Amino acid sequence: MYESEFPLDDSIIYLNHAAVSPWPQRTAAAVKQFADENAAFGSQNYPGWVATEHKLKQQLQQLINAASSDEIALLKNTSEALSVVAYGLPWKSGDNVVITNQEFPSNRVVWESLQKYGVETREADISGDDSPETAILNTLDDRTRLLSVSAVQYGTGLKLDLPVLGAACRERGIRFCVDAIQSLGAIQFDVQACQADFVMADAHKWMLGPEGIALFYCRQAVMEQLDLKQYGWHMLEDLYNFDNRDWEPAHSARRFECGSPNMTGIHALHASMTLILETGMSTIEKLVLENSRFMIDYFSQQPDRYQLITPTDEHRYAGIVTFRPINEPPESLFEMLSGENVSCALRGGGIRFSPHFYTPRKRLFSALELLEG
Ligand SMILES: Cc1ncc(COP(=O)(O)O)c(C=O)c1O
């Protein structure tokens, strides 16, 4: 049904959206058109490009249900946005940040780097018997200034209950930061319901955009609490008044965008977002979860051959299903799959499959048939 939007080569079974996604047809077309326009007319239509930039912020506002598109900045990637938060917050020696023991390096090293200011990084063990939220909340203490978690873990695929975490943080005056790169574009996300202060996600995974353009949400009420570390013309309130000597940073999240925007990325992601919003996040989520359920059922019916690393409870997974073969090392099975042009990844101690909403069921069957040998 969605195949015309994804002209993927027939030889490939693409189960790697948790890494880098293929572009939809319309995204490839938008980039080609932007290239042709640049070659023929240069930046003559710059106001039109700025209009696309604004439209993209509105699309992203809708995607996460932000109160305003003024709370959204376009940065380079998830790691950059995490760094803006880490180096913007006012730390005191003895403060701590809580993360989990399953985070991607970007959501660990940036906090560990604050050790030079006497800031401790505490890891909640969410792999044990307690619910992950209980484990996280038990790790907070009266010196915790920030909780920073992935909405969906990149390795295990575990989905956290963000509203529970956000409510606890708000009550205790702890800032709440969500790395949403494994969630946005795959499952529904409501930044107001989860009471996040900061959310970040690059476009190249479930949002079906290119690498190098990322959403950074910063709640208006906490925006001025982040000290700015980068300066330039684009982050000024009065940005086109180049003669103005009496400047101030923008009151919106544009204050985090120091210089010229990534216009190619903006045009590409804008096109991808039209597909996501036209399809609708509730439809996308339903299809993503159906694909995950299908794979989870397949692996859990064969406990003598596979160990599922992804949790099986319905509210605990999103688009990632990671499994471990019992009778051979995951590396050799991964090599076999790669040799057969199944695009997947070795992560979280097993093999990670991550189809998207449009992945035809017959392609999933073909991948599972290869496992049968
Ligand atoms: C949970 C998570 N956070 C961050 C990243 C890296 O993001 P970026 O390259 O946008 O900094 C990844 C990439 O795999 C990820 O899975």
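Please read all numbers here as calculations on a predicted model, not as lab measurements.
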Check: So which pairs with a foot in residues 117-127 pass salt bridge (Lys or Arg N to Asp or Glu O under 4.0 Å), sequence neighbours left out?
Finding: Arg122-Asp141

First locate atom [atom1] of [X], then atom [atom2] of [Y], and finally report the distance between them rounded to the nearest 0.5 Å.
{"X": "Ile72", "Y": "Leu60", "atom1": "CD1", "atom2": "CG", "value": "5.5 Å"}
{"X": "Thr283", "Y": "Ile276", "atom1": "OG1", "atom2": "CD1", "value": "12.5 Å"}
{"X": "Ile174", "Y": "Arg143", "atom1": "CD1", "atom2": "CZ", "value": "12.0 Å"}
{"X": "His267", "Y": "Ser272", "atom1": "NE2", "atom2": "OG", "value": "13.0 Å"}
{"X": "Lys159", "Y": "Ser292", "atom1": "NZ", "atom2": "OG", "value": "10.0 Å"}

Note to self: As a test of understanding, state which of Val288, Leu15, Ile13, Leu287 forms a side-chain contact (heavy atoms from CB on, under 4.5 Å) with Pro355.
What the structure shows: Leu15

Say whether [X] and [Y], considering side chains only, have a donor N or O and an acceptor N or O under 3.5 Å apart.
{"X": "Glu103", "Y": "Thr100", "value": "yes"}
{"X": "Thr310", "Y": "Thr156", "value": "no"}
{"X": "His17", "Y": "Tyr358", "value": "yes"}
{"X": "Arg293", "Y": "Tyr317", "value": "yes"}
{"X": "Tyr87", "Y": "Ser113", "value": "yes"}

How far apart are the closest heavy atoms of [X] and [Y], and which atoms are they?
{"X": "Ala124", "Y": "Ile136", "result": "CB-CA, 3.7 Å"}
{"X": "Ala28", "Y": "Trp23", "result": "CA-CE3, 4.0 Å"}
{"X": "Asn341", "Y": "Ser11", "result": "CB-O, 3.1 Å"}
{"X": "Met273", "Y": "Leu56", "result": "CG-CD1, 4.0 Å"}
{"X": "Asn101", "Y": "Ser127", "result": "ND2-OG, 3.3 Å"}
{"X": "Pro330", "Y": "Gly350", "result": "CB-CA, 4.2 Å"}

Between [X] and [Y] (side chain of the first, backbone of the second, donor and acceptor by atom type, cut-off under 3.5 Å), is there such a pair?
{"X": "Asn107", "Y": "Ser148", "value": "yes"}
{"X": "Asp313", "Y": "Arg316", "value": "no"}
{"X": "Thr144", "Y": "Val97", "value": "no"}
{"X": "Ser131", "Y": "Thr134", "value": "yes"}
{"X": "Asp179", "Y": "Ile181", "value": "yes"}
{"X": "Gln188", "Y": "Glu285", "value": "no"}
{"X": "Asn38", "Y": "Phe34", "value": "yes"}
{"X": "Arg352", "Y": "Cys344", "value": "no"}
{"X": "Ser21", "Y": "Leu208", "value": "no"}
{"X": "Asp130", "Y": "Ala135", "value": "no"}

With a 4.5 Å limit on heavy-atom distance, are the side chains of [X] and [Y] in contact?
{"X": "Met295", "Y": "Phe323", "value": "no"}
{"X": "Val119", "Y": "Trp111", "value": "no"}
{"X": "Leu75", "Y": "Val84", "value": "yes"}
{"X": "Leu147", "Y": "Val149", "value": "yes"}
{"X": "Pro24", "Y": "Leu275", "value": "yes"}
{"X": "Leu337", "Y": "Phe353", "value": "yes"}
{"X": "Leu368", "Y": "Ser366", "value": "no"}
{"X": "Ile266", "Y": "Pro261", "value": "yes"}

Assess whether a salt bridge exists between [X] and [Y], defined as any Lys/Arg side-chain N lying under 4.0 Å from an Asp/Glu carboxylate O.
{"X": "Lys362", "Y": "Glu3", "answer": "yes"}
{"X": "Lys229", "Y": "Asp227", "answer": "yes"}
{"X": "Glu71", "Y": "Arg255", "answer": "no"}
{"X": "Asp36", "Y": "Lys32", "answer": "no"}

[X], [Y]: one ILVMFWY side-chain cluster at the under-4.5 Å cut-off?
{"X": "Phe189", "Y": "Leu63", "result": "yes"}
{"X": "Leu184", "Y": "Phe104", "result": "no"}
{"X": "Leu277", "Y": "Phe6", "result": "yes"}
{"X": "Trp233", "Y": "Leu228", "result": "no"}
{"X": "Ile309", "Y": "Val321", "result": "no"}

Check whether more than 12 heavy atoms from other residues, nucleotides or ligands sit under 6.0 Å from atom [atom1] of [X], and answer yes or no.
{"X": "Lys116", "atom1": "NZ", "result": "yes"}
{"X": "Glu335", "atom1": "CD", "result": "no"}
{"X": "Gln33", "atom1": "CD", "result": "no"}
{"X": "Tyr231", "atom1": "OH", "result": "yes"}
{"X": "Glu278", "atom1": "CD", "result": "yes"}
{"X": "Phe242", "atom1": "CZ", "result": "yes"}
{"X": "Gln115", "atom1": "CD", "result": "no"}
{"X": "Asp129", "atom1": "CG", "result": "no"}

Margin query: I'd like to know whether Thr274 forms a side-chain hydrogen bond (donor to acceptor under 3.5 Å, both in side chains) with Arg26, so could you lay out the CA-CA distance, the side-chain angles of the two residues, the decisive distance to 0.1 Å, and finally the verdict.
Written below: CA-CA 9 Å; Thr274 61; Arg26 65 177 77 187; 2.9 Å; yes

Margin query: Could you go through Arg219 and Gln195, starting from their C-alpha distance and side-chain angles, then the distance that decides it, and tell me whether this counts as side-chain hydrogen bond (donor to acceptor under 3.5 Å, both in side chains)?
Written below: CA-CA 9 Å; Arg219 190 161 67 88; Gln195 301 193 60; over 6 Å; no

Check: ring pair (Phe, Tyr, Trp, His ring centres under 6.0 Å) between Phe294 and Phe365: does it pass, once the steps are laid out?
Finding: CA-CA 10 Å; Phe294 174 72; Phe365 267 124; 5.2 Å; yes

Notebook entry, point to check: Taking it one step at a time, do Phe357 and Tyr2 satisfy ring pair (Phe, Tyr, Trp, His ring centres under 6.0 Å)?
Noted result: CA-CA 9 Å; Phe357 76 100; Tyr2 300 105; 4.9 Å; yes

Margin query: Applying side chain to side chain donor-acceptor pair (under 3.5 Å) as the test, list every pair that has at least one member in residues 203-212; sequence neighbours left out.
Written below: Gln182-Trp206, Asp202-His204

